[in-house]
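Structure first, commentary second.
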Amino acid sequence: MTAVEPVTADAGRDFIRDIVQADLESGRHKQVVTRFPPEPNGYLHIGHAKSICLNFGVAEEFGGRCHLRFDDTNPTKEEQEYIDAIEADVRWLGFDWGQHLYHASDYFERLFEWAEHLIRAGKAYVDDQSQDEMRASRGTLTEPGRNSPFRDRGVEENLDLFRRMRAGEFPNGARVLRAKIDMTSGNINLRDPVLYRILHATHPRTGTEWKIYPSYDYAHGQSDAIEGITHSICTLEFEDHRPLYDWFLDNLPVPSHPHQYEFARLNLTYTVLSKRVLNALVKGGHVSGWDDPRMPTLAGIRRRGVPPAALRDFVKRIGVAKANSLVDLGVLDFSIREVLNKSAQRRMAVLRPLKVVIENYPESQGEELEAVNHPDDPAAGTRRIRFGPEIFIEQDDFMENPPKKFFRLSPGAEVRLRYAYFITCREAVKDAAGNVVELRCTYDPATKGGNAPDGRKVKATIHWVSAKDSVPAEVRLYNPLFTKPEPDVSNFVNDLNPNSLEVLAEARVEPSLVQGNSPEPVQFERQGYFCLDPDSQPGRPIFNRTVGLRDTWAKIQGAG
RNA sequence: UGGGGAAUAGUUCAACGGUAGAACAGCGGACUCUGACUCCGUUAAUCUAGGUUCGAAUCCUAGUUCCCCAGCCA
């Protein structure tokens, strides 16, 4: 009862944490125990990250623990691949469940015994109705349901049938075990919910041992109770399951009675976080896989180069509440930049090259110049970069007829080449079609390193790479997967963004970017943050744009 | 027409009967060898109508709007 204040200093406050703190202060609980309970039927996405950060975060902040528990009660949808991926994703996000890895399937035997307990107490029965009959007698939202003709079966008959269900004597769908609660309840979850269904399927963990499987409602709360969960945190759609959650715990000899609390799930603009749709995206070949960098999955986000700290920062920023909300994707971008700006080393890369010939540069062999790796972190050191008579600059950094406020290169204009020299554009060379294909420039030898001894200023500094020494690379730019802030989930293909992936095959990058072959994210100066993609081949590096830098110039142009 | 929830700046979240505040976005400016970063300034909100109270975003009443529930999915 001593340490009720959160252990972690800046643990954001929300109604869940308020409840936990109050429970600790009042002595209702001595230690907080939470759990993250994914069903292994797909990959984790950013919405899960919110739940993971909440559950593990609360436990961490209040000195408790958080379990990882697989809700593996439906073998027809679950696979080992997902189990492995989920564990890897939670670890990557930065959380550790220690020894507390569990599965609902660990409790199948106990759940079965408890089902018999309910039968003996006259609170559960085997129903022989077909699925259609059950649906018909369940009633509607406004009309009460009718009792099943099998509802008043005797205890012994129920026990016998239930055991034969387990023994595999009946085919799928032949019978179910139902709780006997109230077919007239306004809460449809209380109209004799199904506890067990017959499923002749192979379970990733229990194999073919079981022919019947517990439903979510029947398994979840009891699993919580077995593990001594104090605060069972889930999303809003389970709010009206809570009376059922409590009914089981009140009617079974469980070792503890956890409490369920619900929060609003995450929604993001231009993003779909429905497992059904994400699955269809992968299976339908609309993306390259679960880890396609355009996917909102943790695997995709990771491959795009987003550091886990950025995700944690994002989750902290959006808060936790009970109101449905739609978070602007820009908030995620902000969190990513926030983290990467501090950690990513700077490099130069030209995405859409435009050749520049420096006419008065005397040394055909070029020279080496020094560049800092991180402007705010001297400890990051410096590196040498090659300069030469021919370089590439960004096509966007030249305009033949510049509008006012355009500070970069144009005929007659002078700019600084970062870490190199001032150059002045003398001529734009065009091809037959009138496209600018090359710039003829002159440089000022006195400005070596980037400063003019005469104190002369330039309005812009642009990045560049040596034509001879830079290496070719492919750069993949990612845009939102959907064209609408709120894509139509029932017809998502219509809202798919045809420009979600933009491949730049002719990019040129500093050689230092491929020497280390390190997976560390870097900033391409004036462009954004990038990371090496696993598709890279020797001699053919591929970079993913994690997120672009803020681009005030683009905004000015867009407005004009 | 049943049951369960939610409504505060453009967005997300605070304020727990006592000065409506933050972050993101926006706008303006400073700085700058990244039109980045950083810094400064600024626009902007209590769903509606009544009531209780010295005082209401907060309590009460009646509405309005939005979300979830009729799987042998979770």
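Residue numbering restarts at 1 for every chain, and letters A, B, ... go by the order of the sequence lines. Atoms considered below: every heavy atom in the structure, side chains included; atoms not considered: hydrogens, waters and symmetry mates. Worth saying up front: this structure is predicted, and the values here are computed from it rather than measured.
Here the separation of G50(B) from U64(B), taken at their C1' atoms, is 14 Å to the nearest Å. For C66(B) and A30(B), the P atoms lie 47 Å apart once the distance is rounded to whole Å. Across G5(B) and U43(B), the matching C1' atoms stand 34 Å from one another, rounded to whole Å. With both ends at atom P, the span from A25(B) to C40(B) equals 15 Å, rounded to whole Å. For U46(B) and A20(B), the P atoms lie 13 Å apart once the distance is rounded to whole Å. Separating the C1' atom of A44(B) from that of C24(B) is a span of 14 Å, rounded to the nearest Å. With P as the reference atom, G18(B) and C60(B) are 16 Å apart, rounded to whole Å. Comparing the P positions of U61(B) and U12(B) gives an interatomic distance of 28 Å, to the nearest angstrom.
Rounded to whole Å, atom C1' of U32(B) lies 12 Å from atom CZ of Phe407(A). Rounded to whole Å, the distance from CZ on Phe15(A) to P on A15(B) is 12 Å. Here U34(B) presents its P atom at 8 Å from OH of Tyr419(A), a figure rounded to the nearest Å. One can place CZ of Arg418(A) at 14 Å from P of U32(B), the figure rounded to the nearest angstrom. Going from atom NZ of Lys322(A) over to atom C1' of A14(B) covers 18 Å, rounded to whole Å. The distance between atom CZ of Arg416(A) and atom P of U34(B), rounded to the nearest whole Å, is 7 Å. As rounded to whole Å, 18 Å separates atom P of U34(B) from atom CZ of Arg337(A). Distance CG (Leu326(A)) to C1' (U11(B)): 8 Å, rounded to an integer number of Å.
Nearest-nucleotide positions on RNA chain B place Ile318(A) closer to the 5' end than the other of Ile318(A) and Ala420(A). Positionally, the nearest nucleotide of RNA chain B for Arg526(A) lies more toward the 5' end than for the other of Arg526(A) and Lys342(A).
With Phe238(A) as reference, Tyr216(A) is the one residue of Phe263(A), Tyr216(A), Tyr245(A) to meet the ring-ring contact (aromatic ring centres under 6.0 Å, His included) rule. The side-chain contact (heavy atoms from CB on, under 4.5 Å) test with Asp71(A) singles out one residue from His103(A), Arg35(A), Glu78(A), His220(A), and that residue is His220(A).
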Margin query: Dot-bracket, 5' to 3', for RNA chain B please: Watson-Crick or G-U pairs under 3.5 Å, [ ] where pairs cross earlier ones, | where the partner sits on another strand, dots elsewhere.
Written below: .((((((..((((....[..)))).(((((.......)))))....(((((..]....))))))))))).....
Please enumerate all protein N or O atoms sitting under 3.5 Å from an N or O of nucleotides 7-9 of chain B, with distances to 0.1 Å.
none

Check: protein-nucleotides 26-29 of chain B nitrogen or oxygen pairs below 3.5 Å:
from, atom 1, to, atom 2, distance (Å)
G26(B), OP1, Lys555(A), NZ, 2.9

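Scanning for side-chain contact (heavy atoms from CB on, under 4.5 Å) contacts around Pro75(A) gives Leu199(A), Ala201(A), His203(A), Tyr213(A), with sequence neighbours left out. Every residue two or more places apart in sequence or in another chain that forms a side-chain contact (heavy atoms from CB on, under 4.5 Å) with Asp551(A) is listed here: Trp553(A), Ala554(A). When the side-chain contact (heavy atoms from CB on, under 4.5 Å) test is applied to Glu133(A), the partners found at least two apart in sequence or on another chain are Gln129(A), Ser130(A). For Arg197(A), there are no side chain to side chain donor-acceptor pair (under 3.5 Å) partners two or more places apart in sequence or in a different chain. With sequence neighbours excluded, the residues satisfying side-chain contact (heavy atoms from CB on, under 4.5 Å) with Ile181(A) are Ala179(A), Leu190(A), Asp192(A), Pro193(A), Leu244(A), Trp247(A). Taking Thr382(A) as the reference, Glu370(A) meet the side chain to side chain donor-acceptor pair (under 3.5 Å) condition, with sequence neighbours excluded.
By the rule that a glycosidic angle within 90° of 0 means syn, G28(B) does not qualify and counts as anti.
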Note to self: Protein within reach of the bases, or only the backbone? For nucleotides 63-74 of chain B, mark each nucleotide 5' to 3' as B, S or -, using heavy atoms under 4.0 Å.
What the structure shows: ----SBBBSBSB
Next item on the list: Scan nucleotides 18-24 of chain B nucleotide by nucleotide, 5' to 3', and note B when protein non-hydrogen atoms come under 4.0 Å of the base, S if they reach only the sugar-phosphate, - if neither.
Entry: -----SS
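Set against G35(B), U38(B), A14(B), the side chain of Glu338(A) has U38(B) as its closest nucleotide. For Ile556(A), the side-chain atoms get nearest to G35(B) when compared with the rest of C16(B), G35(B), A14(B). Side chain of Val327(A), nearest nucleotide from C37(B), U34(B), U12(B): U12(B).
Between the side chain of Arg408(A) and the base of G35(B), a donor-acceptor pair under 3.5 Å is found. In the interface, the side chain of Glu143(A) is not paired with the base of U1(B) through any donor and acceptor atom under 3.5 Å apart.
Using a 4.0 Å heavy-atom criterion, one finds that Lys405(A) contacts the bases of the nucleic acid, with or without backbone contacts as well. Tyr529(A) comes within 4.0 angstrom of nothing in the nucleic acid, heavy atoms only. Within the 4.0 angstrom heavy-atom criterion, only backbone atoms of the sugar-phosphate kind lie near Val320(A); the bases stay farther away.
Looking at Asn158(A), its side chain does come within 3.5 Å of a backbone N or O of Arg153(A) through a donor-acceptor pair.
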Checklist line | Verdict with supporting geometry, Gln222(A) and Leu249(A), side-chain contact (heavy atoms from CB on, under 4.5 Å) | finding: CA-CA 7 Å; Gln222(A) 283 78 283; Leu249(A) 298 182; 3.9 Å; yes
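Between the side chains of His67(A) and Glu227(A), a donor-acceptor pair is found at a separation under 3.5 Å.
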Show the atom names and distances, to 0.1 Å, of all donor-acceptor pairs under 3.5 Å that link a side chain in residues 266-273 of chain A to residues at least two apart or in another chain.
from, atom 1, to, atom 2, distance (Å)
Asn267(A), ND2, Ser325(A), O, 3.0
Thr269(A), OG1, Leu329(A), N, 2.9
Thr271(A), OG1, Thr269(A), O, 2.9

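When ring centroids are compared, Tyr196(A) and Phe162(A) come within the 6.0 Å threshold. Residues Tyr443(A) and Tyr421(A) place their aromatic rings such that the two centres sit under 6.0 Å apart.
Judged by the 6.0 Å and 45° rule, Arg317(A) forms no cation-pi pair with Phe334(A). The side-chain tip of Arg175(A) points at the ring of Phe170(A) from less than 6.0 angstrom away and within 45° of straight on. For the pair Arg418(A) and Trp464(A), the cation-pi test (distance below 6.0 Å, angle within 45°) is failed.
In this structure, Leu351(A) and Phe524(A) have side chains that are in contact, with non-hydrogen atoms separated by less than 4.5 Å.
Arg13(A) has no side-chain polar atom (N or O) that falls below the 4.0 Å cut-off from OP1 or OP2 of C13(B).
Atom CG of residue Asp376(A) and atom CZ of residue Arg346(A) lie 6.5 Å apart, to the nearest 0.5 angstrom.
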